[in-house]
Amino acid sequence: MENDVKWSELSFGYRKTDYNVRCFYRNGQWGELEISSSEVIPIHMSATCLHYGQEAFEGLKVFRGKDGKIRVFRVDRNAQRLQSSARGLVMAEFPTAKFEEAVGKAVKLNERFIPPYGSGASLYIRPLLIGMSAFVGVKPSEEYLFLIFVTPVGPYFKTGFKPVPVCIMRSFDRAAPQGTGCYKVGGNYAASLIAGQKAYEKGYAAVLYLDPREKLYLDECGPANFLAIRNNTYITPASNSILPSITNESLIQLAADMGLKVERRPVPVSELDSFEETAECGTAAVITPISRIDDLDENRSWVYSKDGKPGPVCEKLYKRLSAIQTGDAPDPYGWVRIIE
Ligand code: PLP
Ligand code: COI
């Protein structure tokens, strides 16, 4: 069946595709993978995911190569991170092999929605894990639903690979110091909506969160990790309250391969003075360079791109990563799996 998607005009949003894949956890075990063409899930009004936020999700991408092959990027790492999020919220862990099988099925069943090579778009895969038991007391669910839907997407920021402005606002945190920031759970995103909305209203693409304990260190940037380049060094924050980004983990390796030193450590706000390039990175954001950072509490600004162009190191990293994801360059670390 043909479809009328204008691939190069896609934004980052939901589009209906043909099928999704589901799996239920009941009586202490996961069932078989089920295929559904419904966009709706049956859910009890008292389910723990609705009341007590027992919900975790993932995000990964699939690319069509020049050779026509379908490549999924680091699917095993997303499976492992979902398991970590499940442990963090006392949910049933979804096994890696089953996760990979579900991704393969969801992609193949919706193959006609994979954007063509060179369109700048990709197929975004959204796995979801939710507590389904009808409890009113605050306790972990006994039943779970794992689900994967896919949707074709364009760039997360509508400007694509162009620097965007971000802001610092100390009156908001997305996560607590020993809380759930290191898990990919809905509650963190709910907590970030208010600051995000204020930032968008003021013309910023994202909020650069500071560490929630002291507000002295950089944490992460909206739905992406923060990175900076200085003196041939790739610098990225280490913090308990940020999500361990699989894109960042990959860029760290690519930066080292390019001869950069890598520092993953607490990064004080004061270091913003010395950076040559700054960017945010993630599956949706890929690498999005930061044009300027405005500290709205202290009335300070740091400018990293005056001409609307990405810095040279970010550009090189972006090209290296994209080439591996699409199969244009060899995959020396086995990050890519071909879906047949
Ligand atoms: N940080 C947050 C809060 C995110 O939502 C994401 C997106 O997944 C990331 C970082 C980047 O993680 P990854 O590179 O694994 O997509
Ligand atoms: C991702 O990059 O995959 C994300 O999950 C970011 C966001 C859209 C929540």
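Counting starts at 1 for both ligands and their atoms, following the listed order.
Using a 4.0 Å cut-off between charged side-chain N and carboxylate O, K215 and D219 make no salt bridge. Electrostatic pairing of K98 and E101 does not count as a salt bridge here, judged by no charged N lying under 4.0 Å from a carboxylate O.
For the pair K139 and F135, the distance from NZ or CZ to the six-membered ring centre is under 6.0 Å and the angle to the ring normal is within 45 degrees.
In this model, a donor atom of one side chain and an acceptor atom of the other lie less than 3.5 Å apart for S241 and S239. A side-chain donor-acceptor contact under 3.5 Å links R22 and N20. Residues S301 and R292 have side chains that bring a donor and an acceptor to within less than 3.5 angstrom of each other.
Counting heavy atoms from C-beta on, the side chains of F57 and L129 never come closer than 4.5 Å. Between E55 and L128 there is a side-chain heavy-atom pair separated by less than 4.5 Å.
Near ligand 1, R81, R174, K184, Y189, E220, G222, P223, A224, N225, L243, S245, I246, T247, C281, G282, T283 each place a heavy atom less than 4.0 angstrom from the ligand. For ligand 2, the 4.0 Å heavy-atom shell contains residues F12, F57, G59, Y124, R126, Y156, K184, Y189, P223, T283, A284.
If you run salt bridge (Lys or Arg N to Asp or Glu O under 4.0 Å) between R300 and each of D273, D294, D295, only D273 comes through.
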